[in-house]
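Quick note: numbers below take in every heavy atom, side chains included, and nothing from hydrogens, waters or symmetry partners. As the structure is a computational prediction, the values presented were derived from the model and not from experiment. By convention in this document, chain letters (A, B, ...) are assigned in the order of the sequence lines, proteins followed by strands, and residues within each chain are numbered from 1.
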There are 2 protein chains.
Amino acid sequence: MKRITIPKATVARLPVYLQCLESLPGQSATVSSETLANIASVTSAKVRKDLSYLGSHGVRGVGYDVEQLCLLIRKELGLTEDWPVVIVGVGNLGSALANYGGFGSSGYRVVGVYDADPSKIGRGIGGLIVRGLADLSGDVESNRVSIGIITTPASAAQEIAELLTTAGVGSILNFAPVVVRVPPTTRVRNVDLATELQILSYYSVQAR
Amino acid sequence: MKRITIPKATVARLPVYLQCLESLPGQSATVSSETLANIASVTSAKVRKDLSYLGSHGVRGVGYDVEQLCLLIRKELGLTEDWPVVIVGVGNLGSALANYGGFGSSGYRVVGVYDADPSKIGRGIGGLIVRGLADLSGDVESNRVSIGIITTPASAAQEIAELLTTAGVGSILNFAPVVVRVPPTTRVRNVDLATELQILSYYSVQAR
DNA sequence: AGCTGTGAACATATTCACAGCC
DNA sequence: GGCTGTGAATATGTTCACAGCT
């Protein structure tokens, strides 16, 4: 058992493993690296190496205890904590995310939804009332919000990213099709439909 | 100029460069690797190496011709072609994507939206009528659809992935929170909100 | 002088293959 | 016998640093 930092590539796979483990039928108390690998569409060596970064918790000849492994991964990912998030931009996507139920189940809790458009402010959505951008900073601070989700048009994203970081958000999940510039201590992940489609079409062309 | 295959990591960045180039003010006819790197939040060496895989098109002492570079990247990504896509699952997210305007602009064209729920079939959405799953295979074949987007609940995703691959779709963009198993020749990209949030919270924990 | 293109050095990630334990 | 844990080997990706062109 080492106590070095977990590689990025491994961190990105832990949520996938967790998802796979949670989808396992209740009766399977243990799981082998081979089985988990198949479900997650990776190799068994990868699974073993990834899990070894969390410490040696498997049993040779048997496999990993599903329950224990889930807990271990959840703990590693910080899912035992509460993560208040805000969503900025109440368009189609922002509404979809605000209405998405999967948040509460795992520590993520939408504590506010915001929009610049006065006609949207005051509307109810996903059990919350849409608020104006003027309220964003204060809300982030008072709720100790650590993750901000940007679902605005590209043109507004940079401004919102700055509002969020200034207010103290440490991580941003950006759905706007633009690269936002943030201070080096802020973590950003970009999710962009066009980008994903373009990567797919590249490989589609190559495949023939 | 080499003619080897472009590294995956580079392919994943090309759409980002393209996005950055397209957002450049019209008057800038050329761009240096340094400038592009700043906008894209990467290093200039990365930009140069990435672009070198497309051939040597920069001018020393000057930079890259913006127009020419855009065209080059678009061509490399296959954006000069038409990519008919289908969306399966008309929940919040599926509706959001169907209504998303950014498709048409770059070769991606939603030619069909599908849902298993009879109460949704027949509804209009994003200029299309929701159709039943029974129509999916035939439509995919007759429209030569190469990319399928899955926005169903997790429980339905595997079945839909199989319908899509059997019908001849070569690439799948999966928004359902589950890893779908597909034949090795099919390309899948997963976009999952929970996964992204979990990666962010991991690093948020580490940061303190 | 300024900026590209690229080998060489380095860092990260994956795979192999097998010793070690149940 | 079955399956983990992990060094060693390999492959992929990034950064450096500078020659070479305009």
Side-chain angles (χ1 to χ4, degrees), chain A residues 1-17 20-21 24 28-69 72-73 76 184 199 202-203 206, chain B residues 1-17 20-21 24 28-69 72-73 76 184 199 202-203 206:
Chain A
M1 168 167 166
K2 305 284 167 54
R3 250 314 140 200
I4 46 169
T5 52
I6 298 180
K8 275 186 187 183
T10 296
V11 171
R13 277 188 298 266
L14 290 179
V16 178
Y17 296 150
C20 293
L21 290 168
L24 242 35
S28 41
T30 63
V31 69
S32 70
S33 61
E34 187 70 33
T35 304
L36 182 50
N38 281 331
I39 304 172
S41 286
V42 297
T43 63
S44 61
K46 226 180 229 175
V47 169
R48 290 199 299 281
K49 187 138 265 198
D50 284 344
L51 297 184
S52 80
Y53 292 119
L54 312 185
S56 312
H57 297 278
V59 180
R60 290 166 205 231
V62 179
Y64 302 88
D65 182 283
V66 173
E67 204 66 17
Q68 194 187 322
L69 189 51
L72 192 66
I73 296 177
E76 196 65 44
I199 295 170
Y202 171 82
Y203 290 109
Q206 301 304 307
Chain B
M1 167 167 166
K2 306 284 168 54
R3 252 310 142 202
I4 45 170
T5 52
I6 299 180
K8 275 185 185 182
T10 296
V11 171
R13 278 188 297 266
L14 290 179
V16 178
Y17 296 150
C20 294
L21 290 168
L24 242 37
S28 41
T30 63
V31 69
S32 70
S33 60
E34 187 70 34
T35 303
L36 182 50
N38 281 332
I39 304 173
S41 286
V42 297
T43 63
S44 62
K46 225 180 231 178
V47 168
R48 290 200 300 280
K49 187 138 266 199
D50 284 343
L51 297 183
S52 79
Y53 292 119
L54 312 185
S56 313
H57 297 278
V59 180
R60 290 164 205 235
V62 179
Y64 301 88
D65 182 283
V66 174
E67 203 67 19
Q68 194 187 321
L69 190 51
L72 192 64
I73 295 178
E76 196 65 44
I199 295 170
Y202 172 82
Y203 290 109
Q206 301 304 307

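When the side-chain contact (heavy atoms from CB on, under 4.5 Å) test is applied to B:Ile199, the partners found at least two apart in sequence or on another chain are A:Val11, A:Ala12, A:Pro15, A:Arg189, B:Thr195, B:Tyr203. A:Val16 is linked by a side-chain contact (heavy atoms from CB on, under 4.5 Å) to A:Cys20, A:Ala40, B:Val179, counting only residues two or more places apart in sequence or in another chain.
Going from atom NZ of B:Lys49 over to atom C1' of D:dC18 covers 13 Å, rounded to whole Å. B:Leu51 has its CG atom 14 Å from the P atom of D:dT14, to the nearest Å. For the pair A:Arg48 CZ and D:dG2 C1', the interatomic distance rounds to 11 Å; values are reported in whole Å. Rounded to an integer number of Å, the gap from B:Asp50 CG to D:dT12 P is 16 Å. We find that CD1 of B:Ile6 is positioned 18 Å from C1' of D:dA11, with the value rounded to whole Å.
To the nearest 0.5 Å, the span separating CG on B:Leu51 from CG on B:Leu72 amounts to 8.0 Å.
Contact detail for B:Val66 and B:Ser28: the closest heavy-atom pair is CG2-O, 3.5 Å.
For residues 59-68 of chain A, no pair satisfies salt bridge (charged side-chain N to carboxylate O under 4.0 Å, His left out), with sequence neighbours left out. Listed by first then second residue, pairs satisfying salt bridge (charged side-chain N to carboxylate O under 4.0 Å, His left out) with a partner in residues 43-59 of chain A read A:Arg13-A:Asp50, not counting sequence neighbours.
Annotation: side chain of B:Thr30 is not in contact with side chain of B:Val59 (no heavy-atom distance under 4.5 Å). Between A:Leu21 and A:Tyr64, every side-chain heavy-atom pair lies at or beyond the 4.5 Å cut-off. Within the 4.5 Å cutoff, the side chain of B:Tyr202 has heavy atoms near those of the A:Ile6 side chain.
Within 4.0 Å of A:Thr43, counting heavy atoms only, lie sugar-phosphate atoms of the nucleic acid but no base atom.
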Enumerate all atom pairs, one protein N or O and one N or O from nucleotides 9-13 of chain C, separated by less than 3.5 Å.
| unit_1 | atom_1 | unit_2 | atom_2 | d |
| --- | --- | --- | --- | --- |
| C:dA13 | OP1 | A:Ala9 | N | 3.4 |

Extract from the structure each pairing of a protein N or O with an N or O of nucleotides 19-22 of chain C at less than 3.5 Å, listing the distance.
| unit_1 | atom_1 | unit_2 | atom_2 | d |
| --- | --- | --- | --- | --- |
| C:dG20 | N3 | A:Arg60 | NH1 | 3.1 |
| C:dC22 | O4' | A:Arg60 | O | 3.3 |

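OP1 or OP2 of C:dG5 has at least one side-chain nitrogen or oxygen of B:Tyr64 nearer than 4.0 Å. Side-chain N/O atoms of A:Ser33 include one lying less than 4.0 angstrom from OP1 or OP2 on D:dT4.
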